[in-house]
Engineer: 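Questions regarding the structure given below will be posed in turn.
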Amino acid sequence: MTHIENIALNPEKKIYFVSDFHLGAPTEQESRLREKRIIQWLDEISKDAQTVFLLGDIFDFWFEYKQVVPKGYTRLLGKLAEMADNGIDLRMLVGNHDLWTFGYLEKEIGIQIYHKPQLFKINESLCFIGHGDGLGYDNLYYKIIGKIFRNRFFQRLFAGLHPWIGTGLAIFCSRKSRAQTGKNDAAYTSDEKESLLVFSKEYLKKNPDVKYFIFGHRHLPQEFEISETSTYFNTGDWLNYNSYLEFENEKIKLKKS
């Protein structure tokens with residue numbers, strides 16, 4: 001990964017990072033309440049936001065059919081479109097739950113989409129930013145699933161299902177998976193078992209100029225100094241923490257709404 005995108009941050013503005021809204025889960029009622037909290041937060045940060053990074057799993061399931069828009073996210077999509085129309089720079093690094101994006105969010109909403117982790121230089125700070133799935137030593141499951149989900153053949157096969165069937169099946173599988181592994185996935189054990197933290201440390205050895213590693217996926221708000229000049233952050237989630245990151249004056253702060 002050698003390409004670096006530059007972002008010149010206005011000194012009067014901020015950049016925000018957030019992930020793992022998982023809208024649609026675990027129930028429609030709970031998702032609707034969470035969506036309203038998210039809209040309130042987006043209204044608050046719109047006052048000083050220059051760029052907002054959505055670091056994946058914004059939706060618990062997202063698949064863009066050519067003529068069908070997944071229901072359940074109307075308020076969020078409308079708010080994001082309003083923010084984009086008002087000049088706020090929106091960028092999304094897709095997660096393992098919402099990687100099936102094929103142009104709708106870009107054309108209709110105005111979100112710049114990234115399907116892989118990306119290096120960004122925000123003023124003088126070099127940042128490695130991504131969702132986090134498939135990175136690290138213990139993510140064999142996500143690596144296999146990611147290859148299947150990104151395969152054009154399987155995408156076309158799924159698109160051939162009626163949306164009612166395909167969406168229902170995907171939501172059922174997602175909820176079943178979360179019920180079995182959700183608590184364990186969101187539990188901290190030790191630094192050595194935090195695969196994204198380990199990945200960041202290994203990546204830093206060959207790329208010592210990276211100041212910040214920023215991920216979602218783990219569902220835990222985290223901040224670890226991994227060297228004298230580099231820090232690992234995880235945005236956490238909005239199922240339990242309502243947490244996010246705020247970048248201002250070359251510094252990142254982990255906050256909760």
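For the numbers below, each heavy atom of this structure counts, side chains included, while hydrogens, waters and symmetry mates do not.
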Engineer: How many angstroms lie between atom CD of E106 and atom CG of L90, to the nearest 0.5 angstrom?
Structural biologist: 12.0 Å

Engineer: Any donor and acceptor pair, going by atom type alone, linking the side chain of E64 with main-chain N or O of G103 inside 3.5 Å?
Structural biologist: yes

Engineer: Passes side chain to side chain contact (heavy atoms under 4.5 Å, CB included), Q40 versus K36? Steps please.
Structural biologist: CA-CA 6 Å; Q40 182 179 5; K36 290 181 178 179; over 6 Å; no

Engineer: Start with the C-alpha gap between F128 and F215, add the side-chain angles, then the distance that decides, and say whether ring-ring contact (aromatic ring centres under 6.0 Å, His included) holds.
Structural biologist: CA-CA 8 Å; F128 185 104; F215 299 108; 5.8 Å; yes

Engineer: If you compare all heavy atoms of L204 against all heavy atoms of V210, which two are closest, and at what distance to 0.1 Å?
Structural biologist: CD1-O, 3.6 Å

Engineer: If you take the centroid of each ring, where Trp contributes its six-membered ring, are Y65 and F63 closer together than 6.0 Å?
Structural biologist: yes

Engineer: Answer yes if L126 and I129 sit in the same cluster of Ile, Leu, Val, Met, Phe, Trp and Tyr residues linked by side chain heavy atoms under 4.5 Å apart, and no otherwise.
Structural biologist: no

Engineer: Is any side-chain heavy atom of V18 less than 4.5 Å from a side-chain heavy atom of L245?
Structural biologist: no

Engineer: To the nearest 0.5 Å, tell me how far L76 CG sits from I38 CD1.
Structural biologist: 6.5 Å

Engineer: Do I88 and L77 share a hydrophobic cluster (ILVMFWY, side-chain heavy atoms under 4.5 Å, transitive)?
Structural biologist: yes

Engineer: Is there side-chain contact between K211 and S125, with heavy atoms separated by less than 4.5 Å?
Structural biologist: yes

Engineer: For the hydrophobic clusters of this structure (ILVMFWY residues joined by side-chain heavy atoms under 4.5 Å, transitively), does one cluster hold both L80 and L99?
Structural biologist: yes

Engineer: What's the separation between atom CG in D57 and atom CG in N96, rounded to the nearest 0.5 Å?
Structural biologist: 4.5 Å

Engineer: Would you find a donor on one side and an acceptor on the other, under 3.5 Å apart, between the side chain of S31 and the backbone of G24?
Structural biologist: yes

Engineer: Grouping I, L, V, M, F, W and Y whenever their side-chain heavy atoms are under 4.5 Å apart, do L254 and L55 come out in a common cluster?
Structural biologist: yes

Engineer: Can you see whether Q50 engages E12 through a side-chain donor-acceptor pair at a distance of less than 3.5 angstrom?
Structural biologist: no

Engineer: Please name the residue in the list Y114, Y212, F233, F17 that meets the ring pair (Phe, Tyr, Trp, His ring centres under 6.0 Å) test with F53.
Structural biologist: F17

Engineer: Please name the pair of heavy atoms, one in Y241 and one in H219, separated by the smallest distance, quoted to 0.1 Å.
Structural biologist: CE1-O, 3.2 Å

Engineer: In terms of ring plane angle, is the pair Y16 and W41 parallel, tilted or perpendicular, where the classes change at 30° and 60°?
Structural biologist: perpendicular

Engineer: Assess whether a salt bridge exists between K14 and D48, defined as any Lys/Arg side-chain N lying under 4.0 Å from an Asp/Glu carboxylate O.
Structural biologist: yes

Engineer: For residues T27 and E30, is any side-chain donor paired with an opposing acceptor at under 3.5 Å?
Structural biologist: yes

Engineer: What are the two closest non-hydrogen atoms of T231 and I226, and how far apart are they?
Structural biologist: N-CG1, 4.3 Å

Engineer: For the pair N123 (side chain) and A8 (backbone), establish whether a donor and an acceptor sit closer than 3.5 Å, ignoring hydrogens and angles.
Structural biologist: no

Engineer: Looking only at heavy atoms, what is the nearest atom pair of S19 and G236, with distance?
Structural biologist: OG-O, 3.3 Å

Engineer: When rounded to the nearest 0.5 angstrom, what is the spacing between CD1 in I7 and OG1 in T51?
Structural biologist: 5.0 Å

Engineer: Locate the shortest heavy-atom distance separating A187 from L220; write the atom from each residue and the value.
Structural biologist: C-CD1, 3.9 Å

Engineer: Between E246 and K255, is there a salt bridge with N-O shorter than 4.0 Å?
Structural biologist: yes

Engineer: Just wondering, do H3 and L119 contact through their side chains at under 4.5 Å, heavy atoms?
Structural biologist: no

Engineer: S243 side chain to T235 main-chain N or O, any donor-acceptor pair under 3.5 Å?
Structural biologist: yes

Engineer: Rounded to the nearest 0.5 Å, what's the gap from NZ on K13 to CZ on F247? Could you check?
Structural biologist: 16.0 Å

Engineer: Could you state the interatomic distance from CG (L196) to NE2 (H131), rounded to the nearest 0.5 Å?
Structural biologist: 9.0 Å

Engineer: Between N234 (side chain) and G216 (backbone), is there a donor-acceptor pair under 3.5 Å?
Structural biologist: yes

Engineer: Side-chain contact test, heavy atoms from C-beta onward, threshold under 4.5 Å: evaluate it for V94 versus W100 and give yes or no.
Structural biologist: no

Engineer: According to a hydrophobic-cluster definition based on side-chain heavy atoms being under 4.5 Å apart (Ile, Leu, Val, Met, Phe, Trp, Tyr only), do L135 and L93 belong together?
Structural biologist: no

Engineer: Side chain of D98, backbone of G95: donor and acceptor closer than 3.5 Å?
Structural biologist: yes

Engineer: Could you list all the salt bridge (Lys or Arg N to Asp or Glu O under 4.0 Å) pairs where at least one residue sits in residues 87-96, not counting sequence neighbours?
Structural biologist: E5-R91, D89-R91

Engineer: Show the numbers, then the answer: is there a side chain to side chain contact (heavy atoms under 4.5 Å, CB included) between Q118 and F120?
Structural biologist: CA-CA 6 Å; Q118 174 66 42; F120 293 88; 3.3 Å; yes

Engineer: Kindly indicate, with the supporting measurements, whether the criterion ring-ring contact (aromatic ring centres under 6.0 Å, His included) is fulfilled by F61 and F59.
Structural biologist: CA-CA 5 Å; F61 169 72; F59 313 101; 9.8 Å; no

Engineer: Say whether H217 and D133, considering side chains only, have a donor N or O and an acceptor N or O under 3.5 Å apart.
Structural biologist: no

Engineer: Sequence neighbours left out, what pairs pass salt bridge (Lys or Arg N to Asp or Glu O under 4.0 Å) with at least one residue falling in residues 68-88?
Structural biologist: D43-K79, K79-E82

Engineer: Closest approach of D60 and H22, non-hydrogen atoms and distance?
Structural biologist: OD1-ND1, 2.8 Å

Engineer: May I ask you to check whether Q222 and Y232 show a side-chain donor-acceptor distance below 3.5 Å?
Structural biologist: yes

Engineer: List the steps, then state whether side chain to side chain contact (heavy atoms under 4.5 Å, CB included) holds for I45 with K47.
Structural biologist: CA-CA 5 Å; I45 70 168; K47 301 171 185 177; over 6 Å; no

